[in-house]
Each structure stands twice: as structure tokens, then as C-alpha cells.
Amino acid sequence: MDTTITTGWWMCTGCGVEAELPVAATAGCEVPCPDCAEPMTERWRWDAVAA
């Protein structure tokens, strides 16, 4: 069973806010910034260690 969770690190193009979000929840979606509502861009992603 694969128990890894891929995580992405996102950054706002408007105000610079950063967020760590699960890739499964953001795949194919435009992610709005929680502070200014500008679109966020994914900077990088990684896999968590299998539990």
C-alpha cells in the first residue's frame, strides 16, 4: 500500500505569501492566495516518507 503524500510549496504572485498544500487537493486547480486572492504558483513538490 502506498502511504506517501505528495506535498507542494506554493507562493503568491501578488503578495509573496507561501503555503504548503497537498498536491491531490490542488491538481488542475488555480489556487487563490488566502490574503489577497491573487493566483498562487507551485514552486516545488516532494513526497512524504511512507508510514
Side-chain angles (χ1 to χ4, degrees):
M1 172 188 265
D2 182 16
T3 57
T4 60
I5 299 172
T6 303
T7 303
W9 192 256
W10 293 72
M11 184 173 184
C12 177
T13 57
C15 68
V17 164
E18 296 178 333
E20 183 179 339
L21 302 168
V23 172
T26 57
C29 300
E30 183 174 289
V31 179
C33 174
D35 289 348
C36 72
E38 289 290 320
M40 296 184 80
T41 57
E42 187 177 8
R43 307 291 284 173
W44 61 83
R45 63 175 62 180
W46 63 94
D47 294 328
V49 175

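A quick note: this is a predicted structure, and the numbers were derived from the prediction, not measured.
- Between Val23 and Glu42, some side-chain heavy-atom pair lies under the 4.5 Å cut-off.
- Minimum heavy-atom separation, Cys33 to Val17: SG-CB, 4.1 Å.
- Between Cys12 and Glu38, the closest heavy-atom pair is SG-CB, 3.9 Å.
- Summarising the geometry of Asp35 relative to Cys15, their closest heavy-atom pair is CB-SG, 4.3 Å, with the distance given to 0.1 Å.
- Taking the side chain to side chain contact (heavy atoms under 4.5 Å, CB included) definition, one finds that Pro39 meets it with Thr13, Glu30, sequence neighbours left out.
- A pairwise comparison of heavy atoms in Ala37 and Pro32 identifies O-CB, 4.2 Å as the closest pair.
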